[in-house]
Novice: 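Attaching a single structure in structure tokens format; questions to follow.
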Amino acid sequence: MKEFAVFWGCTIPARFPFIEKATRVMFDDLGARIHELEGHTCCPEGTLVKANDPDTFYTAAARNLALIERADLGLVTPCNGCYSTFKETQSHLKTNWRERDEVNERLEKEGLHYDGTTNVQHFVEWLADSMGAGLIASKAKKNFWGMNIAVHHGCHLLRPQPAVRWDDPLHPKKFEELVGALGARVIDYPTKMQCCGGALDRVGQRESSLAFCRRKLHDLQNHNVDAMVVGCPSCFQQFDLNQAALQRANENVHVPVFYLSELIGLAYGHEPEELGLDMHRVSVQPFLDKWAARQADKTHLALDFDVALLNKCDNCRACKDDCPVCKIDPTFQPNDIIRDLVDGKIDEVIKDESIWKCIECFTCLELCHSEIGMAETFRKLKVIALREGYGPEAVPAGYKTFMETGTLGKPKMSARKKLGLDPLPDDGGDVMVRIMAESDDSKGSED
């Protein structure tokens, strides 16, 4: 759906208006028409309201949904907490008809009625299921090629499964597919599905909350992550604001945090200032600086290679155990060389004599399900290495011999005579030398 009611919730407008700005910009870019209805209250937040009075919790949530039902719209919310409240309410009141009737008795005094028919989608769910990763990627002007980005889903985007059913609650992939479609390398990490721990802060457990934050940030740093992306303002608060608190306490943590719409906004060509990225507590400038450098690396690499194929080869690595050279020389790791290339280390790669260990047997090509193989990449690397003055001495020496004689080896006449073999016909070496000399003269005159 491209026309719907948007429910911002409390946290985004109150604390992170830049997330609202980036999300509005992204909605415009995708041609979505949003409606902002009057009369909405807090969703309400579960820990603070439901724990005190479940009736108030379900009545308030049903009232918010009833306003959207009356407008005959679907709902999209960029907040995990609001999403969880609405999905839980729909699930609970669907099976508990007595409670639903009690809620409606209260609402009907205000001229409202709750049916539970609203299509409630999280903003990330809307992007993945209603728009699709392909469409999201197709509008990008600059992708995140070469950037390591980790996704933090946040618990209430996926769970509890009986109420929320749009991706696997333990092994989700749709959020990561969106980030991957923007060209980033999506990093897997041990604490990926761990809660942000922000809820502990709301009940006075500050140190425990910071321990959750610290554990995940250290995990991300150990995996060389350039940024974390979230789809929840509470998770953003935990990893941006509380990370800043850790930094003020001189803890060694620095992981820039983005809300997904901010990342999409950058990919769509919007400037960081327009999106309010300077309002983050943890600076995103290191990410932006590296991104600019990686764009330059990509341009450099594209002069000689198909960058998309290189990326595909790097992400696959299915042939890593098939290379016959690897079996006798464990120091030769062609997949690691491809990774270095994708990481923009082309100058280091062409100086490394390891590239000459690829014997171009094409085993990798024959076994590659995408028919890419690595042999052609290594052949190009060898050409570039020689062009830049690197490579084993035997290679330019052999080439020099061929250009002078048109051959790399003369037949052993004495051995042939001993074996009763006739002399071979005269070779065409002199002809080849003449052809190439004339070609060089021709090139020289053109220059």
Side-chain angles (χ1 to χ4, degrees), residues 297-314 316-317 319-368 371-416 424-447:
D297 288 339
K298 182 181 179 183
T299 301
H300 183 42
L301 207 56
L303 295 175
D304 294 293
F305 298 94
D306 183 325
V307 178
L309 283 185
L310 273 185
N311 234 28
K312 192 172 183 179
C313 188
D314 178 43
C316 175
R317 298 186 162 223
C319 64
K320 66 183 180 62
D321 297 324
D322 299 319
C323 172
V325 180
C326 294
K327 297 181 192 303
I328 56 97
D329 182 359
T331 65
F332 179 56
Q333 294 296 326
N335 294 113
D336 290 348
I337 293 173
I338 298 291
R339 166 63 59 85
D340 286 344
L341 205 53
V342 171
D343 283 343
K345 299 176 183 175
I346 186 169
D347 292 337
E348 291 91 330
V349 168
I350 62 172
K351 294 175 185 175
D352 187 347
E353 292 193 355
S354 290
I355 62 175
W356 296 92
K357 292 183 180 179
C358 172
I359 53 179
E360 301 181 44
C361 65
F362 293 101
T363 302
C364 54
L365 177 61
E366 295 302 327
L367 297 175
C368 179
E371 299 183 349
I372 300 173
M374 295 182 287
E376 181 62 15
T377 298
F378 278 89
R379 191 193 62 76
K380 285 185 179 178
L381 285 170
K382 293 170 187 173
V383 171
I384 297 169
L386 291 174
R387 188 176 71 203
E388 300 296 326
Y390 305 107
E393 291 181 3
V395 178
Y399 177 68
K400 183 173 182 292
T401 299
F402 181 79
M403 294 301 289
E404 290 175 350
T405 65
T407 180
L408 291 174
K410 292 288 186 183
K412 288 189 175 179
M413 299 307 294
S414 59
R416 294 185 62 82
L424 291 171
D426 289 341
D427 62 39
D430 55 338
V431 177
M432 188 65 203
V433 171
R434 187 173 66 248
I435 289 173
M436 295 313 297
E438 291 172 354
S439 176
D440 287 343
D441 290 344
S442 176
K443 288 179 184 175
S445 61
E446 288 177 3
D447 294 341

Novice: Identify every side-chain donor-acceptor pair in residues 298-307 under 3.5 Å, counting partners at least two apart or on other chains, and give the distances.
Specialist:
unit_1	atom_1	unit_2	atom_2	d
Thr299	OG1	Gln295	O	3.1
Asp306	OD1	Ala308	N	3.1
Asp306	OD1	Leu309	N	3.1

Novice: A side-chain contact here means heavy atoms from C-beta on lying under 4.5 Å apart; do Arg416 and Lys412 qualify?
Specialist: no
Novice: With rounding to the nearest 0.5 Å, note down the distance linking CG in Asp321 to NZ in Lys327.
Specialist: 6.5 Å
Novice: CG/Asp430 to CD1/Ile435 distance, rounded to the nearest 0.5 angstrom?
Specialist: 9.5 Å
Novice: Hey, mind stepping through Lys345 and Ile337 against side chain to side chain contact (heavy atoms under 4.5 Å, CB included) and telling me if it holds?
Specialist: CA-CA 9 Å; Lys345 299 176 183 175; Ile337 293 173; over 6 Å; no
Novice: Checking Lys357 against Thr331 for the side chain to side chain donor-acceptor pair (under 3.5 Å) test, could you report, in this order, the C-alpha distance in whole Å, the side-chain angles of both residues, the deciding distance, and whether it holds?
Specialist: CA-CA 10 Å; Lys357 292 183 180 179; Thr331 65; 3.1 Å; yes
Novice: Using atom types as modelled, flag every donor-acceptor pair under 3.5 Å from a side chain in residues 391-402 to any protein atom, sequence neighbours excluded.
Specialist:
unit_1	atom_1	unit_2	atom_2	d
Lys400	NZ	Glu404	OE2	2.8
Thr401	OG1	Ala397	O	3.1

Novice: Would you call Glu376 and Arg379 a salt bridge, using N to O less than 4.0 angstrom?
Specialist: yes
Novice: In Å and rounded to the nearest 0.5 Å, what is the CG to CG distance from Asp322 to Leu365?
Specialist: 12.0 Å
Novice: Can you tell me how far the CG atom of Asp329 sits from the SG atom of Cys323, to the nearest 0.5 Å?
Specialist: 9.0 Å
Novice: Under the side chain to side chain contact (heavy atoms under 4.5 Å, CB included) criterion, do Asp427 and Lys410 qualify, and how do the steps go?
Specialist: CA-CA 9 Å; Asp427 62 39; Lys410 292 288 186 183; 3.4 Å; yes
Novice: Mind checking whether Arg387 and Ile350 have side chains closer than 4.5 Å, heavy atoms only?
Specialist: no
Novice: Answer whether the closest heavy-atom distance between the side chains of Met374 and Thr363 falls below 4.5 Å.
Specialist: no
Novice: Could you tell me which residues satisfy ring-ring contact (aromatic ring centres under 6.0 Å, His included) with Phe378, sequence neighbours excluded, listed by chain and number?
Specialist: Phe332
Novice: Between Arg339 and Gln333, is a side chain to side chain contact (heavy atoms under 4.5 Å, CB included) present by the stated rule, with each step listed?
Specialist: CA-CA 10 Å; Arg339 166 63 59 85; Gln333 294 296 326; over 6 Å; no
Novice: SG/Cys364 to CD1/Ile372 distance, rounded to the nearest 0.5 angstrom?
Specialist: 10.5 Å
Novice: Tell me whether Asp352 contacts the main-chain N or O of Ser354 through its side chain, where contact means a donor paired with an acceptor under 3.5 Å.
Specialist: yes
Novice: With side chains defined as the heavy atoms from C-beta onward, is the minimum distance between Cys358 and Pro334 less than 4.5 Å?
Specialist: no
Novice: Please report the interatomic distance CG(Leu381) to CD1(Ile346), rounded to the nearest 0.5 Å.
Specialist: 6.5 Å
Novice: Taking the side chain as C-beta and beyond, is there a heavy-atom pair between Asp314 and Leu310 under 4.5 Å?
Specialist: no
